[in-house]
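Report on the structure given below.
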Amino acid sequence: MKKGLLITVEGPDGAGKSTQLDFIKSYFEEKGTNPIFLREPGSTKIGEEIREILLSDKNKEMGNKTEMFLYAAARAQLVEQVIKPELEKGSVVVCDRYIDSSLAYQGYGRNLGSMVEEINMHAIDSVMPDLTIFLSLDIETGLKRASKSSGGNKDRIEQESNDFHQRVLMGYEEIAKKYSNRIIKVNATLSIEEVSNVIKEHLDKVFL
């Protein structure tokens with residue numbers, strides 16, 4: 001039985017996840033808690049090696065289903081090796097991306113549909129987030145921000161067409177409506193402080 005707290009942060013590229021993850025870190029530190037911070041894909045030896053394969057622009061011939069299974073494989077390793085043990089110890093776990101990323105990027109972006117959720121429910125062993133923060137941002141603004149922060153060095157996913165990224169955003173919006181009981185949609189065009197304040201309100205509700 002899960003005793004800890006799993007919080008995930010989602011959104012399209014350039015939505016400001018890194019900045020808000022820093023805020024979440026400081027929020028918990030002020031309360032005397034040191035969460036486990038993870039990123040997807042990654043945060044395990046196997047996951048980081050899979051991440052390298054997935055994001056390398058040398059692998060542009062990768063098939064859509066191959067991509068889906070690789071993300072799911074990295075996620076399965078992370079859940080088994082880190083997330084489940086930490087939750088069982090009562091830890092607060094904060095993950096930069098999780099199952100919703102696959103639902104949006106592979107389910108909608110790659111048009112793979114419902115198989116993505118089916119595969120990933122096996123990968124996560126039904127460990128769902130207690131709270132998901134979805135930073136919503138239009139594609140044009142997001143891609144400009146992402147390009148600026150990376151110095152123009154785009155990974156394989158970031159190099160995809162605007163149509164692909166638009167489908168991803170549409171996917172996130174649909175997922176947020178479907179799972180409104182756990183997903184909090186935050187307007188990422190607001191100032192950093194305003195976004196942080198909205199996040200704080202919801203963290204206060206789940207971390208009593």
Side-chain angles (χ1 to χ4, degrees), residues 1-44 47 75 78-105 117 120-121 123-139 141-142 145-146 149 168-208:
M1 177 67 80
K2 187 174 71 171
K3 296 180 289 187
L5 185 67
L6 176 59
I7 298 168
T8 59
V9 181
E10 296 280 357
D13 295 316
K17 289 189 293 87
S18 298
T19 300
Q20 296 307 325
L21 283 162
D22 287 340
F23 166 75
I24 293 169
K25 186 173 188 292
S26 64
Y27 170 91
F28 282 108
E29 285 176 347
E30 286 176 10
K31 293 185 176 294
T33 299
N34 292 311
I36 309 298
F37 279 82
L38 306 171
R39 72 171 182 177
E40 277 217 343
S43 294
T44 66
R75 184 166 296 127
L78 184 60
V79 169
E80 182 178 345
Q81 185 177 339
V82 184
I83 294 178
K84 284 188 77 173
E86 290 296 337
L87 291 177
E88 286 166 4
K89 288 192 294 185
S91 302
V92 175
V93 178
V94 181
C95 199
D96 179 357
R97 299 196 182 281
Y98 194 55
I99 185 173
D100 297 309
S101 279
S102 280
L103 299 183
Y105 279 84
E117 185 165 19
N120 276 275
M121 288 305 292
I124 66 172
D125 201 13
S126 299
V127 177
M128 292 296 288
D130 297 284
L131 174 68
T132 298
I133 298 158
F134 163 43
L135 300 174
S136 178
L137 185 69
D138 66 274
I139 294 305
T141 304
R145 286 185 185 179
S149 65
V168 170
L169 179 59
M170 181 184 73
Y172 269 127
E173 297 288 349
E174 291 295 321
I175 295 161
K177 291 175 186 174
K178 183 177 180 181
Y179 299 107
S180 59
N181 59 316
R182 69 169 173 85
I183 300 179
I184 306 303
K185 178 180 172 180
V186 184
N187 180 359
T189 64
L190 297 173
S191 70
I192 291 172
E193 293 75 17
E194 288 173 317
V195 173
S196 297
N197 286 337
V198 174
I199 292 173
K200 180 181 182 301
E201 289 176 17
H202 292 285
L203 290 177
D204 285 343
K205 293 176 184 176
V206 297
F207 188 70
L208 303 177

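Count residues from 1 along the sequence.
Smallest separation of non-hydrogen atoms from V82 and S43: CG2-O, 4.2 Å. Pairing each heavy atom of C95 with each of E40, the nearest pair is SG-CG, 3.8 Å. Between G171 and A104, the closest heavy-atom pair is C-CB, 4.5 Å. In this structure, A15 and L137 approach most closely via the heavy-atom pair CA-CD2, 3.7 Å. The minimum heavy-atom distance linking K84 with V127 is given by the pair CG-CG2, 3.8 Å.
Within the 4.5 Å cutoff, no side-chain heavy atoms of E201 are placed close to those of I184. For the pair F23/V195, no side-chain contact is recorded, criterion being any heavy-atom separation below 4.5 Å from C-beta on. By the 4.5 Å heavy-atom criterion applied to side chains, P35 and I24 are not counted as neighbours. Here the side chains of L203 and L131 are in contact, with some heavy-atom distance below 4.5 Å.
Note: R182 CZ to I175 CD1 = 8.5 Å, rounded to the nearest 0.5 Å. In this structure, CG on N34 lies 6.0 Å from CD on E29, to the nearest 0.5 angstrom. Rounding to the nearest 0.5 Å gives a distance of 8.5 Å between OH of Y105 and CD of E10. To the nearest 0.5 Å, the span separating OG on S26 from CD on E30 amounts to 5.5 Å. To the nearest 0.5 angstrom, E174 atom CD is 12.0 Å from L103 atom CG. The OH atom of Y179 lies 15.0 Å from the CZ atom of F134; values are rounded to the nearest 0.5 Å.
Salt bridge status for E117 with K178: present, with a side-chain N to carboxylate O gap under 4.0 Å. Using a cut-off of 4.0 Å between Lys/Arg side-chain N and Asp/Glu carboxylate O, R75 and D100 are scored as not salt-bridged.
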Checklist entry - Could you walk me through whether M128 and I124 pass the side-chain contact (heavy atoms from CB on, under 4.5 Å) check? => result CA-CA 8 Å; M128 292 296 288; I124 66 172; 3.4 Å; yes
Next on the checklist: I'd like to know whether S101 forms a side-chain hydrogen bond (donor to acceptor under 3.5 Å, both in side chains) with Y172, so could you lay out the CA-CA distance, the side-chain angles of the two residues, the decisive distance to 0.1 Å, and finally the verdict.
Outcome noted: CA-CA 8 Å; S101 279; Y172 269 127; 3.1 Å; yes
Checklist entry - Should Y27 and I199 be marked as a side-chain contact (heavy atoms from CB on, under 4.5 Å) after you check the CA-CA gap, both sets of side-chain angles, and the distance that decides it? => result CA-CA 10 Å; Y27 170 91; I199 292 173; over 6 Å; no
Item to check | From CA spacing to verdict: side-chain contact (heavy atoms from CB on, under 4.5 Å), R145, D13 | outcome: CA-CA 8 Å; R145 286 185 185 179; D13 295 316; over 6 Å; no
Checklist entry - Given the rule in the side-chain contact (heavy atoms from CB on, under 4.5 Å) test, do E173 and K185 qualify, once you have shown the distances and angles that lead to the verdict? => result CA-CA 8 Å; E173 297 288 349; K185 178 180 172 180; 2.7 Å; yes
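More than 12 heavy atoms of other residues, nucleotides or ligands lie within 6.0 Å of CD in E86, so this atom counts as buried by the packing criterion.
The one candidate from L38, I36, I133, L21 that meets the side chain to side chain contact (heavy atoms under 4.5 Å, CB included) condition with V94 is L21. Results of the salt bridge (charged side-chain N to carboxylate O under 4.0 Å, His left out) test with D96 over K17, K25, R39 single out K17 as the only residue that passes.
Counting only distance, with no hydrogens or angles, the side chain of R97 and the backbone of G11 share a donor-acceptor pair below 3.5 Å. Not one N or O on the side chain of S102 forms a donor-acceptor pair closer than 3.5 Å with the backbone of I99. Side-chain atoms of D130 come within 3.5 Å of backbone N or O of L6 as a donor-acceptor pair.
Side-chain contact check for N120 and Y98: no donor-acceptor pair (N or O, by modelled atom type) lies under 3.5 Å.
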